[in-house]
> 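Got a structure here, written out as structure tokens. Questions coming.
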Amino acid sequence: MLKVYNTLTRKTEEFSTLKPGQVSMYVCGPTVYAKAHIGHAMSALVFDIIRRYLEYREYKVTHVMNFTDVDDKIIIKANQQGIDPFVLGEMYIHEFEGHLRDFNILPATINPRATREMDQILTMIQGLIDMGFAYPVDGDVYFRVTKDPQYGKLSGRKLDDMQAGSRIDVDYRKEHPMDFALWKAAKPGEPSWPSPWGDGRPGWHIECSAMNLNHLGEQIDIHGGGNDLVFPHHENEIAQSECFTGKTFATYWIHNGMLQLSGEKMSKSIGNLVTIEEFLNHHPADALRMMVLNSGYRSPLSYSEDILAQAEKAIDRLRSALKPALGGSTGASEAVLKTLQTQMHATSAGYVESMDNDFNSAGALSHLFELVRVINQTRADNATNEQLSPAQALLLKLTSALGLSIEKETVKNQAVDGFVDLLIEIRKDLRANKMWALSDKVRDQLAGLGVIRKDGTSWHWE
RNA sequence: GGCGACGUGGCCAAGUGGCAAGGCAAGGGUCUGCAAAACCCUGAUCAUGGGUUCAAAUCCCAUCGUCGCCUCCA
């Protein structure tokens with residue numbers, strides 16, 4: 001029984017879909033005005049892990065992730081660089097999609113963009129005005145928060161509380177300080193679309209409501225994103241969508257914790273960020289995935305070189321179980337094989353039990369490491385490759401369900417491999433003849449070239 | 001000021017009422033020509049102080065500390 005923590009109710013609930021066996025999941029993607037940082041990668045990884053597990057549980061998942069490709073920051077940045085804002089957005093979208101591939105993140109079923117949903121956006125705004133949930137002012141259109149009795153239900157805020165604490169410049173054209181823009185009138189030189197209220201562009205929140213309606217329907221199973229989006233973005237999405245349709249919008253609201261660098265949220269505005277590009281230049285993509293897997297997705301995750309190094313070591317540990325049988329193995333005893341069998345069952349069951357508990361990937365990993373240990377014990381007890389392979393296959397299946405790739409790296413160069421094999425063969429002969437100095441020289445220099453020997457004879461690239 | 005999350009061995013971290021998973025690091029051992037790998041062994045009264053209970057890391061209250069949101073943010 002899969003259970004999911006729901007931000008809306010602040011409780012872990014049994015997971016039940018609108019349509020049996022199918023999951024509709026919408027995740028807020030980035031606003032494309034700058035290079036993405038590893039906080040964005042973390043969020044994408046979290047929802048990739050969730051999606052993969054839903055698919056492991058044999059749900060058919062329709063996964064939608066949007067790109068916000070029109071917004072103040074994009075326009076400002078494009079103007080600074082003297083290029084078309086759409087070209088700028090396109091560039092960053094292209095780059096981000098490449099990063100997703102690098103991180104082995106499954107592509108979303110649909111990647112809608114704000115600029116391609118204008119009809120639906122205009123229809124929704126008009127509908128909200130007609131029903132009294134919104135009002136136009138000088139070419140802008142605002143949502144009337146006081147008209148929605150449920151407003152604040154996701155973030156647990158009351159309008160009165162927020163009013164008291166708010167000292168930000170109030171736009172006096174708005175009826176209530178918390179009213180938010182559905183449509184913004186265009187300033188000269190800005191990209192705009194025609195509308196009944198004059199040329200303009202959509203507010204930040206309405207695009208997601210419109211894209212949901214357009215691609216997933218009035219009601220969806222899961223809506224996700226970083227927990228910094230809970231208010232105002234998701235709160236406003238709920239208000240718009242539910243006032244428009246009169247139906248519950250998303251059943252489960254799932255939010256990931258923030259990635260932190262030196263004790264603070266990694267963010268574009270603070271400037272304490274590591275871009276995905278920089279990260280990938282120095283680390284394997286799986287290291288970040290391992291960091292994410294090894295902690296609760298709702299907790300803040302602190303990023304440091306040290307923690308990253310631990311994650312890389314942990315992946316090596318998983319890989320160690322895939323090593324082949326020891327040379328000359330004659331077969332493990334019945335008792336040893338029985339233990340391996342037992343562990344395989346325990347791991348399969350423990351894996352599902354952990355992941356069923358709000359995607360507890362850290363717990364699931366612990367079961368994988370237990371399997372690793374028993375596989376390695378079995379190997380040390382003389383098991384043959386045939387005896388090891390079912391357990392290794394299980395390990396591979398479960399790690400790949402988490403999106404990790406622990407299989408040997410694809411061969412870089414077939415021809416070079418032959419020479420490495422030859423050198424290792426020669427080293428074996430040198431050792432047989434106790435020519436230690438030469439054999440150590442071969443070993444050390446191979447290591448210097450990036451060849452890691454797994455044991456006496458097998459090897460792989462660094 | 002308001003709302004919320006969190007504080008578990010040197011580090012990362014699971015567990016949320018019944019003798020505290022797992023990974024990294026460290027120390028000891030097996031194996032080995034040495035080394036590496038692998039295997040075995042070693043470690044926590046769960047921020048602090050009260051309370052509820054036969055029983056609490058786990059529930060309640062208080063205190064301290066860290067972080068997020070309240071303005072664009074994954």
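All values reported here derive from a predicted model rather than from experimental measurement. All chains are named by letter (A, B, ...) in the order of the sequence lines, taking the proteins before the strands, and each is independently numbered beginning at 1.
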> With rounding to whole Å, what would you report as the distance between B:A26 and B:A14 at their C1' atoms?
22 Å
> When the C1' atoms of B:U71 and B:G49 are considered, how many whole Å apart are they?
39 Å
> Can you say whether a donor on the side chain of A:R10 sits under 3.5 Å from an acceptor on the base of B:C3, or the other way round?
no
> Would you call A:R51 and A:D48 a salt bridge, taking side-chain N to carboxylate O under 4.0 Å as the test?
no
> Looking only at side-chain N and O atoms, does A:N227 come under 4.0 Å of OP1 or OP2 in B:G68?
no
> Once each nucleotide of nucleotides 9-25 of chain B is scored for protein heavy atoms under 4.0 Å, what B/S/- sequence comes out, 5' to 3'?
--BBSSS-----BBBSS
> Which comes earlier along RNA chain B counting from the 5' end, the contact point of A:L229 or that of A:E264, where each point is its nearest nucleotide?
A:E264
> Can you tell me, in whole Å, how much space there is between the P of B:G65 and that of B:U52?
28 Å
> Answer yes or no: side-chain N or O of A:R443 and base N or O of B:A35 forming a donor-acceptor pair under 3.5 Å.
yes
> Tell me: CG of A:L326 to P of B:C39, nearest whole Å?
11 Å
> Residues two or more places apart in sequence or in another chain: which of them pass ring pair (Phe, Tyr, Trp, His ring centres under 6.0 Å) with A:Y26?
A:H223
> Near RNA chain B, counting only heavy atoms under 4.0 Å, which residues of residues 97-109 of chain A show up?
none
> Checking side chain to side chain donor-acceptor pair (under 3.5 Å) against A:Y92, which of A:K35, A:K77, A:E97 comes through?
A:K77
> Looking only at atom P, what distance separates B:C70 and B:G18, rounded to whole Å?
38 Å
> For a quick check of understanding: with a heavy-atom distance under 4.0 Å over all strands, which category does A:G225 fall into, base, sugar-phosphate or nothing?
sugar-phosphate
> Provide the distance between the two P atoms, one in B:C60 and one in B:G10, to the nearest whole Å.
28 Å
> Could you tell me the Watson-Crick or G-U partner of B:C46, where both distances fall under 3.5 Å? Say none if there is no partner.
none
> Could A:K174 and A:D140 be called an ion pair, given the rule that one side-chain N must be under 4.0 Å from one carboxylate O?
no
> Whom does B:G65 pair with, Watson-Crick or G-U wobble, provided both distances fall under 3.5 Å?
B:C6
> For A:H99 together with A:H40, are the ring centres under 6.0 Å from each other?
no
> In terms of the nearest nucleotide of RNA chain B, which residue is placed more toward the 5' end: A:K265 or A:K73?
A:K265
> Is there a Watson-Crick or G-U wobble partner for B:G1 with both distances under 3.5 Å, and which nucleotide is it?
B:C70
> From the options B:G33, B:A38, B:C69, select the nucleotide whose nearest atom is closest to the side chain of A:W436.
B:G33
> Using Watson-Crick or G-U wobble geometry with both distances below 3.5 Å, tell me the partner of B:A57, or none.
none
> Could you tell me whether A:D179 and A:R173 make a salt bridge, using a distance below 4.0 angstrom between a side-chain N and a carboxylate O?
no
